[in-house]
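Just below is one structure, and these are the notes that go with it.
In listed order, ligands and their atoms are each counted from 1.
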Amino acid sequence: MAHLITLIPGDGIGPEVAAATVRAVEATGAAVEWEQVEAGAKALLDYGQLLPDEVFASLEVTRVGLKGPTATPIGGGHASINVALRKKLGLYTNFRPVRMLPGLKTRFRDLPLDMAIFRENTEDLYAGLEHEVVPGVVESLKIITQKASLRIARAAFEYARRYRRKKVTAIHKANIMKLSDGLFLKCCREVAAQFPEIVYNELIVDNACMQLVIRPETFDVLVLPNLYGDIVSDLAAGLVGGLGIVPGANIGDHHAVFEAVHGTAPDIAGKGLANPTALMQSAVLLLAHIGEPEASARLQAAIAKVYADGAHLTGDVGGKSSTTGFTDAVIAAIA
Ligand code: NAI
């Protein structure tokens with residue numbers, strides 16, 4: 001039976017990279033069917049809602065989504081779509097694998113980079129609890145709970161065990177935020193004790209950023225609270241060619257939404273120039289998640305082959321191809 005997947009193309013370049021990714025996934029031969037729903041600026045125009053109820057209705061049935069970038073109007077009281085999806089569906093793990101694609105011309109291209117980043121996705125300063133104490137003084141609450149810290153630590157260690165990774169590094173600022181980051185570390189240590197075969201270490205976030213630039217090849221699995229995770233995962237993406245490349249997954253106990261981490265790229269939207277690699281690599285994770293490991297490996301290998309060959313890359317990574325030209329090359333490599 002075909003796997004039913006919720007497809008949210010999104011705004012800007014979203015529909016272009018989503019269409020490219022759908023073609024590539026179908027070329028793998030995986031038995032998938034798509035249920036397309038709208039979210040973002042287009043949904044606001046068409047339905048009066050940024051995140052219409054039918055998105056949740058669809059995900060309630062399919063449990064798995066593939067999402068393109070969506071535009072959230074700045075100001076005007078609109079909650080971020082991504083934050084709303086994560087909170088409502090309990091997608092507490094943000095997972096970002098960071099690997100070097102062959103042939104890509106980045107400063108770090110000769111290093112064997114292979115990191116798996118686990119960012120807590122539901123709390124910390126992203127709880128959105130801000131208020132004005134007195135005029136000229138605002139307060140933003142950093143929420144760290146034992147429950148959320150334990151489950152993100154478990155997600156990181158379980159991944160490390162399943163994929164035979166050697167080391168998990170917890171990143172923190174507990175020297176300053178002794179209670180909040182202190183609790184996060186305490187939870188990581190508690191979980192680490194249950195995985196004696198995996199090396200566990202801790203780094204203060206500022207030092208971690210420096211080490212990531214100086215010797216990124218020494219990092220393996222990383223686990224971080226929400227804010228540091230947001231910043232450090234983009235830093236890591238920069239090491240392997242940027243946000244147009246790296247995939248992302250938001251995973252909870254019952255649902256998972258796979259998405260590129262770049263935005264809607266309004267400067268190139270509609271021009272056929274967008275690089276669909278990030279969403280295609282997110283689909284690689286999706287295929288593995290739904291139990292299609294062969295299709296997942298086939299798509300990953302095809303993307304790697306097109307990069308190694310280098311003749312059909314898009315402009316953002318130094319090539320001259322269109323979105324369609326790159327996608328055709330990936331499909332040819334699958335065949
Ligand atoms: P952006 O990621 O859209 O663009 C930054 C730069 O990267 C631009 O020059 C763009 O052309 C380029 N770029 C991004 N993705 C690319 C791709 N796949 N291929 C080729 N070039 C690519 O970031 P920006 O400009 O800060 O945000 C634009 C809009 O996107 C905003 O409305 C923002 O709210 C939204 N956004 C949505 C996200 C999501 O839904 N996950 C994440 C980040 C931003």
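- Proximity annotation for atom 30 (O) of ligand 1: of Asn275, Thr264, Ile81, Thr264 comes nearest, heavy atoms only.
- Considering each of Ala71, Pro266, Gly263, the one bringing a non-hydrogen atom nearest atom 25 (O) of ligand 1 is Pro266.
- Between Val199 and Val168, the closest side-chain pair of non-hydrogen atoms is not below 4.5 Å.
- With a 6.0 Å cutoff to the six-membered ring centre and a 45° limit on the axis angle, Arg119 counts as a cation-pi contact of Tyr126.
- Close contacts between ligand 1 and Pro69 involve ligand atoms 39 (C), 40 (O) [criterion: under 4.0 Å to a heavy atom].
- Aromatic rings of Phe195 and Tyr200 (six-membered ring for Trp) have centroids beyond the 6.0 Å cut-off, not under it.
- For the residue pair Asn121/Lys87, the side-chain donor-acceptor check at 3.5 Å is not satisfied.
- Remark: distances from the non-hydrogen atoms of Ile268 to ligand 1 include one below 4.0 Å.
- Backbone and side-chain nitrogen or oxygen atoms of Gly244 are examined, and none is located within less than 3.5 angstrom of a nitrogen or oxygen of ligand 1.
- Within the 4.0 Å heavy-atom shell around ligand 1 one finds Ile13.
- Distances below 4.0 Å separate heavy atoms of Glu259 from the following atoms of ligand 1: 41 (N).
- With Thr70, Thr72, Asp267 as candidates, the residue nearest to atom 35 (C) of ligand 1 on a non-hydrogen basis is Thr70.
- Near Val261, meaning under 4.0 Å from one of its heavy atoms, ligand 1 places the atoms 42 (C).
- Contact of the Ile290 side chain with the Val32 side chain is registered, since non-hydrogen atoms from C-beta on lie closer than 4.5 Å.
- The atoms of ligand 1 that sit less than 4.0 Å from any heavy atom of Asn82 are 39 (C), 40 (O), 41 (N).
- In this structure, Lys173 forms no cation-pi arrangement with Tyr228, as its terminal cationic atom is not both closer than 6.0 Å to the ring centre and no more than 45° off the ring axis.
- Remark: ligand 1 atoms within the under-4.0 Å shell around heavy atoms of Lys67 are 40 (O).
- Side-chain contact, Ser296 with Glu294: no donor N or O sits under 3.5 Å from an acceptor N or O.
- A donor atom on one side chain and an acceptor atom on the other are found under 3.5 Å apart for Glu292 and His3.
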